There are 2 protein chains.
Amino acid sequence: MKKGKETTIYDIARQLNISASTVSRALQDHPGVNKKTKKMIDDFVAQTSFRTNPFASNLRNKQTKTIGVLVHELNSNFITSVLAGIEKVTASEGFDIIIAHSSESGTREAANVKNLFNKRVDGLIASLSFDTSNLEHFQPFFDRGVPVLFFDRVEQDGHKTVVVIDNAKCGYIATQHLIEQGCKRIVHVTSSLNRNVYSQRYKGYRDALFDNGLAFEEDLLIVGDLTRKAGAEAALKILNMSPMPDGAFITNDFMAAVCMRALREKGVAIPNDIAIVGFNNDAIGELIEPALTTINYPGEDMGEIAARNLINHIKGIGNLEQTNTIIVRSGLVVRGSSVRTTPQTPD
Amino acid sequence: MKKGKETTIYDIARQLNISASTVSRALQDHPGVNKKTKKMIDDFVAQTSFRTNPFASNLRNKQTKTIGVLVHELNSNFITSVLAGIEKVTASEGFDIIIAHSSESGTREAANVKNLFNKRVDGLIASLSFDTSNLEHFQPFFDRGVPVLFFDRVEQDGHKTVVVIDNAKCGYIATQHLIEQGCKRIVHVTSSLNRNVYSQRYKGYRDALFDNGLAFEEDLLIVGDLTRKAGAEAALKILNMSPMPDGAFITNDFMAAVCMRALREKGVAIPNDIAIVGFNNDAIGELIEPALTTINYPGEDMGEIAARNLINHIKGIGNLEQTNTIIVRSGLVVRGSSVRTTPQTPD
DNA sequence: TGCATTCTTTCAATCGATTTCAATAAAAAT
DNA sequence: ATTTTTATTGAAATCGATTGAAAGAATGCA
C-alpha cells in the first residue's frame, strides 16, 4: 500500500477507453459531456483512490484557491475569533488559508508578506504589526493587482479597503460611561499611538473629556506595549499619581485585568476608588472580580466580513476598490468594574 | 502595472541568451553551474520581479512543502501556543501550514482530514476532536505513507506516533498536592473519559486517592464538556454536595476559573473552604483571585517538538515509525487557590 | 599536436489537468 | 436522401520548473 503511484486522469482514461479530456470535463461537471459517460467516470472514480492534483490544475488556471492571513499575534482571543470567522467563510468557498504572524515585528511582517506573495495567494487579509510604519512591503501585491484587505490594525491613509470598528466612537462611549459614573480624573492606558486603533480610541477619549468640560492632562495618558509587564507598570503609575485617578479606560481587557489585580493588591477598591473600562470583551472579563466593563469587539464578524468581501472580489462579484471602509458594529458591555456601588462624594 | 504576465525562467533564459535549464539550476544553487553564469543570472533576477512558480515545481517534485495542522478548536490559549510552536519550526524550514479545526465534531474532523489529504500536505499534525472514536478517516494518509503525528488528544492504541504530556502523572501530582494541603474529599471536574487526556488525569487522581488511603466516590466525579455552562453546572453540583468537598481538581483552567467565580459568589472561601487546582497554566490563572494553582502544560514546546519530528521524518532524517511516544515535561505551579492560609480543623 | 578528462550547457521529456480546435457521430431539417 | 445542426469526444498544445542524457567547450597530459 505504501507510496504507490497516484492515480491520474490518464489512468482513468486508459482504463475506461476514453480520452483524458473527457475525464477532465466530466470531473468538472462540464455540460458537454454525455450523461452516461459522466456516470461511468464518476462511478469509476468513486472506486479508485483518485484525487485531483491541484498543482497541475493551478499551473494551468493560475489560481491557487488560497488566501493569506497575516496577523500581528496569534495569542489573543480577538485574533483567534477573527481567524475562526475567516475560516468559516473560506472553508465554505473551498479556499485554503495560510496563516502567518509577525509577532509585532515589522521586519517579520515584511518577510511574511513576501513569502505569501511568492506562494501566490489569491488574496490577502492583514492586520498590521506594532511597528509597521508604511505599506511598502505590500507593493508587489498592489502592483500585481492581488487584492489585499486590512482589518483592525490598518493604515489610515484612506486608499485601502479596510474592515474596522469605529474606534473613536468606542473610545468616546467608554469615557462617557466613566464620566456618567461620576469620574472626574480618568486615565487612559493604551499602546503606540501610531496605530490607528489606539490613536482613534485616544481621540474618542479626548473628545469625551472635552465635551464634558473635563480638562485633559498629559499625565493621564499612559502608553506602553500590551504585555503583562506594561500592565503592571501602568498600575504602578496610577498608584503614584496624586490625586489618584477615579477612572481608567484601558485599551485591552488583558491589560485591564493585570492592572486591576495589581491595584487591588494595593488595597484600591474597584469600582469605588477607581472605575475601570477595558476593550475587547475577552472571556477573561467575566471571570475576574469585579467583572470587567468593556467594549464588545466582534472578532468573528470582522473575520467573516473580511473574508466574504475578499472572496467576492476574487470571484468577480463586487469590487473591493469601490468599497473603502467597512465598519463593524460594536458597543459597550457594562459590568461591575465601572458601576459605582456607593454614592460619590462631591469634590 | 496591473496583472501583467508573470516572469518565468524562460523569459530570463531568453533575455540572457542561455537555456532555461541553466537558469533553473542556477536558482537552485546546483553545483554544476559556472560561477560567472550564476552571478549573471542572480543579478538579473534581482532586478526583475521574478518569483518561482511553486505549482510547476510541486508538480515535478511531488512535494508540497506544506503540512496540515488539525486541531479541535482555535479558541484556546493552549492551542494557539501549540500553533505558535509549530509555526516557529515550519517557518524556519520553509514549510507552510494549513490550519483546520473541527470544532470538536468528529464529522468535521473527517471532512478536514479528507480535504488536507486532497491538498496533498506532506505531513499532518493532529489533535483529535471530542467525539472522534476511531482513526478510520486517517486511513488514506496511512495507506499512502504520509506521516501523521498526533499531539495532546490522541488515540491510546499505541501504534501511532504521539506527542503528549504524562497526564496520569500530572493528575496524580495535582491530587497529591491537594491531599498534602489537608483535603479529604476531592472532586474531579473533567470531560469525556473517552479522550486519553481526561481518562489519564482521572487515573492519576484515582491512584493518588488510593495511595493516600482516601476512598473514591462516584459522586466526586463530575463530567461535562468544557464550556462555561458546564463550569457553572459543576459549581452548582459542588455546592449541593454534603458534606461539601474540600478540594477540587479541575481539568482545565478556564473551567476552574468559572467554577471558582461561581463558588465565591455563593460565599465559599477559596482555598480555605475548598482548595482548587486547574490544568493548563493559561494566562487567566494569574489574573483571577485567588491566583490559580495549575499544571503547566507547555503548548509551544509540544508544537515545536511535533513539527520538528514530522519535518525530520519528511526530510528523511530520523524516522517517526521508530519513535512511538514523545513525552513533554510538565509540572505543578502552586499559587493561592490551593494553599491553605488557616490551619484545617481535624475531622 | 592528439586524445582523454572535466566543466558547462543544452535538449527534450516529464509532472497532471485544462482547453481550443477539429473531428466524428447522431439528430434534425429540408 | 441530402444537408445542416447539434451533441460528444479526442488530439495536441499549454501552464513553468526540473532533470537525465547528450553535446560542446575547456583543460590536462603524454
Side-chain angles (χ1 to χ4, degrees), chain A residues 3-42 44-45 48-66 94 96 117-122 144, chain B residues 3-42 44-45 48-66 94 96 117-122 144:
Chain A
K3 308 229 179 196
K5 279 259 166 315
E6 292 275 351
T7 311
T8 72
I9 56 169
Y10 294 97
D11 300 326
I12 298 172
R14 191 166 355 92
Q15 295 189 53
L16 293 178
N17 252 27
I18 53 181
S19 79
S21 328
T22 306
V23 177
S24 172
R25 281 190 273 252
L27 294 175
Q28 300 174 74
D29 296 320
H30 188 104
V33 177
N34 188 298
K35 272 181 290 181
K36 282 167 66 180
T37 314
K38 175 159 167 54
K39 176 145 182 18
M40 173 178 73
I41 294 171
D42 285 347
F44 186 87
V45 165
T48 51
S49 61
F50 171 79
R51 49 176 182 170
T52 192
N53 185 321
F55 304 108
S57 153
N58 287 335
L59 180 58
R60 270 294 306 225
N61 298 335
K62 291 155 186 278
Q63 258 225 45
T64 62
K65 279 285 202 171
T66 300
D96 286 322
F117 181 68
N118 288 335
K119 300 288 179 201
R120 307 198 183 207
V121 294
D122 292 336
R144 202 145 265 299
Chain B
K3 306 227 179 200
K5 278 260 165 316
E6 292 275 351
T7 311
T8 72
I9 56 170
Y10 293 97
D11 300 326
I12 298 172
R14 191 167 352 93
Q15 295 188 54
L16 294 177
N17 252 27
I18 54 180
S19 79
S21 329
T22 305
V23 177
S24 171
R25 290 197 176 100
L27 294 175
Q28 302 174 71
D29 297 320
H30 188 105
V33 177
N34 187 297
K35 271 181 290 181
K36 282 166 67 179
T37 314
K38 173 158 170 54
K39 176 144 185 18
M40 173 177 75
I41 295 170
D42 286 347
F44 185 87
V45 165
T48 51
S49 62
F50 171 79
R51 49 176 182 169
T52 192
N53 185 319
F55 305 109
S57 158
N58 287 335
L59 180 56
R60 266 297 305 224
N61 297 335
K62 291 155 184 280
Q63 259 223 48
T64 61
K65 279 281 200 174
T66 300
D96 286 322
F117 181 69
N118 288 335
K119 299 289 180 203
R120 306 198 185 208
V121 294
D122 292 336
R144 202 144 265 297

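Note: hydrogens, waters and symmetry copies are ignored here, and every other heavy atom, side chains too, is used. In this text the structure is predicted, and so the values were computed from the model without any measurement. Proteins come first, then strands; the chains are lettered A, B, ... in the order of their sequence lines, and each starts at number 1.
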Salt bridge or not for D42(A) and K39(A), using N-O below 4.0 Å? no

Send over the distance from Q63(A) CD to dC15(D) C1', rounded to a whole Å. 14 Å

Expressed as a whole number of angstroms, how long is the span from K38(B):NZ to dT9(C):P? 12 Å

Of all residues at least two apart in sequence or in a different chain, which pass the side-chain contact (heavy atoms from CB on, under 4.5 Å) check with R25(A)? S21(A), H30(A), V33(A)

Measure from CG on N58(B) to P on dT19(D) and round the result to the nearest Å. 12 Å

What is the nucleic acid contact for V33(A), judged by heavy atoms within less than 4.0 Å: base, sugar-phosphate only, or nothing? sugar-phosphate

With sequence neighbours excluded, tell me which residues meet side chain to side chain donor-acceptor pair (under 3.5 Å) with K62(A). none

Just how far, in rounded Å, is P of dT10(C) from CZ of R14(B)? 14 Å

Looking at F117(A), does the NZ or CZ of R51(B) lie under 6.0 angstrom from its six-membered ring centre and within 45 degrees of the ring axis? yes

Apply side chain to side chain contact (heavy atoms under 4.5 Å, CB included) to residues N53(B) and T8(B) and explain how you reach the verdict. CA-CA 8 Å; N53(B) 185 319; T8(B) 72; over 6 Å; no

Contact pattern, 5' to 3', of nucleotides 16-27 of chain C - B, S or - by protein heavy atom under 4.0 Å: BBBBB-------

Euclidean distance, atom CD1 of residue I18(B) to atom P of dA17(D) [Å, nearest integer]: 13 Å

In whole angstrom, what separates N17(B)'s CG from dT9(C)'s C1'? 13 Å

Taking N61(B) for its side chain and Q63(B) for its backbone only, find out whether a donor-acceptor pair lies under 3.5 Å. no

